[in-house]
Amino acid sequence: MTSPSHRMHDYLPARFSSAAGEQWIPSATPGKSSRPLRFFADDRGFVELLRMEPGVVMPLHRHSGEIHAYNLTGTRKLCTGELIGPGDYVYEPPGNVDWWKIVGDEPMIAMVIVMGAVEFLGPGGIVTARASASTQLAEYERYCGANGLKVQDLLDR
C-alpha cells in the first residue's frame with residue numbers, strides 16, 4: 001500500500017523557484033530587464049518576468065511559437081492601438097509580428113511565457129537578433145557569473 005506522503009508527492013510541483021531575491025537582469029536595450037523563471041529543454045521556450053520602463057519600445061519582432069503575457073503593473077500600447085494594463089492578458093499566435101511601447105509613468109512588469117523564439121526584425125524583414133531559451137539561459141549565466149551570483153537551476157530536463 002502507498003503511504004499518504006508518497007501519494008501527495010504525485011500532486012506537488014516537480015520544481016519551483018523564487019524570483020523574490022533575484023536581481024533584474026538588464027538587456028542590451030536600456031530600460032528593459034528580466035527575471036528568468038524557467039528555461040524549457042530543447043530550446044522550446046522560456047518563462048520570465050519582463051520589466052520595461054516608461055517610454056521603452058519593444059521593437060518589431062516575430063514569434064515562432066505562441067506567447068502568453070499577463071500584465072502585473074504598468075501599461076503598454078500595442079502597435080494596433082490597444083492599451084494593455086494591470087490584470088490584462090495577451091495571447092499571440094505563432095507567426096505574429098508586432099511592436100509595442102510602454103506608456104504612462106510606471107514601469108510595466110509582465111509574466112511572459114514564450115514558446116519557440118522571438119525574432120527581432122530590421123528593414124526588409126531581416127532577422128537582426130533572436131531570443132530563445134538557449135540565448136536567454138546563456139545571458140542569465142553570464143550575468144550571474146559577472147556579478148558573483150549563484151546560478152539557480154531553472155532548466156527543464
Side-chain angles (χ1 to χ4, degrees), residues 9-76 78-79 84 86-103 106-123 125-157:
H9 179 71
D10 293 338
Y11 299 100
L12 296 176
R15 297 163 71 186
F16 76 93
S17 63
S18 173
E22 294 298 309
Q23 295 182 8
W24 290 98
I25 299 171
S27 77
T29 302
K32 179 182 169 197
S33 56
S34 65
R35 281 188 181 158
L37 300 174
R38 176 69 65 213
F39 301 104
F40 299 132
D42 302 321
D43 223 17
R44 291 187 340 264
F46 57 95
V47 181
E48 69 180 7
L49 291 177
L50 174 65
R51 178 185 172 116
M52 295 175 67
E53 300 298 322
V56 174
V57 173
M58 177 66 78
L60 186 66
H61 60 280
R62 174 178 51 228
H63 303 288
S64 70
E66 63 188 40
I67 301 292
H68 302 268
Y70 182 80
N71 257 54
L72 299 166
T73 65
T75 303
R76 60 185 170 129
L78 304 182
C79 60
I84 308 301
D88 290 340
Y89 164 80
V90 175
Y91 166 77
E92 298 180 50
N96 189 61
V97 176
D98 69 336
W99 64 270
W100 38 272
K101 179 178 182 175
I102 307 308
V103 297
E106 160 178 35
M108 187 238 24
I109 298 176
M111 181 176 167
V112 183
I113 301 169
V114 176
M115 301 309 295
V118 179
E119 299 174 324
F120 294 92
L121 305 173
I126 302 297
V127 176
T128 59
R130 192 168 189 272
S132 66
S134 60
T135 65
Q136 298 301 96
L137 175 59
E139 181 61 21
Y140 170 63
E141 291 173 340
R142 184 206 62 76
Y143 180 82
C144 288
N147 292 280
L149 301 172
K150 181 179 186 264
V151 174
Q152 291 188 37
D153 182 9
L154 303 176
L155 181 61
D156 275 348
R157 300 198 196 305

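Just so it is clear, the model here is predicted, and its values are computed rather than measured.
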### Message
Between Tyr140 and Leu154, is the side chain to side chain contact (heavy atoms under 4.5 Å, CB included) condition met? List the steps.
### Response
CA-CA 10 Å; Tyr140 170 63; Leu154 303 176; 4.0 Å; yes
#### Entry: Gap between atom CH2 of Trp99 and atom NE2 of His61 - 0.5 Å precision
11.5 Å
### Query
With Asn147, which residues qualify under side-chain contact (heavy atoms from CB on, under 4.5 Å), at least two apart?
Tyr143, Leu149
### Query
Heavy-atom distance under 4.5 Å between the side chains of Val56 and Thr29, does that happen here?
yes
### Summary
Hits for salt bridge (charged side-chain N to carboxylate O under 4.0 Å, His left out) against Arg51, two or more places apart or cross-chain, chain-then-number order -> Glu53
### Pairwise side-chain contact, Trp100 with Met52, heavy-atom cut-off 4.5 Å (strictly under)
yes
### Task
With the side chain counted from C-beta on, respond yes when Phe40 and Val47 share a heavy-atom pair under 4.5 Å apart, and no when they do not.
yes
### Task
Flag the pair Pro36 / Ile25 as yes when at least one side-chain heavy-atom distance between them is below 4.5 Å, and no otherwise.
yes
### Query
Quick one: side chain to side chain donor-acceptor pair (under 3.5 Å) partners of Asp43, sequence neighbours excluded?
Ser132, Ser134
### Task
Evaluate side chain to side chain contact (heavy atoms under 4.5 Å, CB included) for Glu48 paired with Gln136, printing each intermediate quantity in order.
CA-CA 10 Å; Glu48 69 180 7; Gln136 298 301 96; 3.7 Å; yes
### Task
Would you please name every residue forming a side chain to side chain donor-acceptor pair (under 3.5 Å) with Thr75, sequence neighbours left out?
none
### Message
Measuring from atom OG of Ser27 to atom CG of Leu50, what distance do you get when rounded to the nearest 0.5 angstrom?
### Response
8.5 Å
### Message
Does any part of the side chain of Thr135, heavy atoms only, come nearer than 4.5 Å to the side chain of Leu137, both counted from C-beta?
### Response
no
### Message
Do His63 and Val97 make a side-chain contact, defined as non-hydrogen atoms from C-beta onward lying under 4.5 Å apart?
### Response
no
### Query
With a 4.5 Å limit on heavy-atom distance, are the side chains of Phe120 and Arg130 in contact?
no
### Task
Sequence neighbours left out, what passes side-chain contact (heavy atoms from CB on, under 4.5 Å) with Pro94? Give chain and number order.
Glu66, Tyr91
### Query
Which atom names give the shortest non-hydrogen contact between Ala117 and Ser64, and what distance separates them?
N-OG, 2.7 Å
### Task
State, yes or no, whether a side-chain contact exists between Lys101 and Met58 at a heavy-atom distance under 4.5 Å.
no
### Query
Does the pair Arg38 and Phe46 meet the rule for a side chain to side chain contact (heavy atoms under 4.5 Å, CB included), with working shown?
CA-CA 6 Å; Arg38 176 69 65 213; Phe46 57 95; over 6 Å; no
### Query
Who pairs with Asp88 by side-chain contact (heavy atoms from CB on, under 4.5 Å), at least two apart in sequence or on another chain?
Ile84
### Query
Can you tell me how far CD1 of Ile67 sits from CG of Asn96, rounded to the nearest 0.5 angstrom?
9.0 Å
### Message
Once side chain to side chain donor-acceptor pair (under 3.5 Å) is applied, do any residues pair with Glu139, and if so which ones, sequence neighbours excluded?
### Response
Arg142
#### Entry: Minimum-distance pair of heavy atoms, taken over all atoms of Ala133 and Gly45
CB-O, 3.1 Å
### Closest contact, heavy atoms only, Pro26 versus Ser33
CA-CB, 3.9 Å
### Query
In chain order, what residues pass the side chain to side chain donor-acceptor pair (under 3.5 Å) check against Tyr70, with sequence neighbours excluded?
none
Side-chain donor-acceptor distances from residues 106-116 under 3.5 Å, at least two apart:
none

### Task
For residues 109-121, pull every pair meeting side chain to side chain donor-acceptor pair (under 3.5 Å), keeping only residues two or more places apart or in separate chains.
Arg62-Glu119
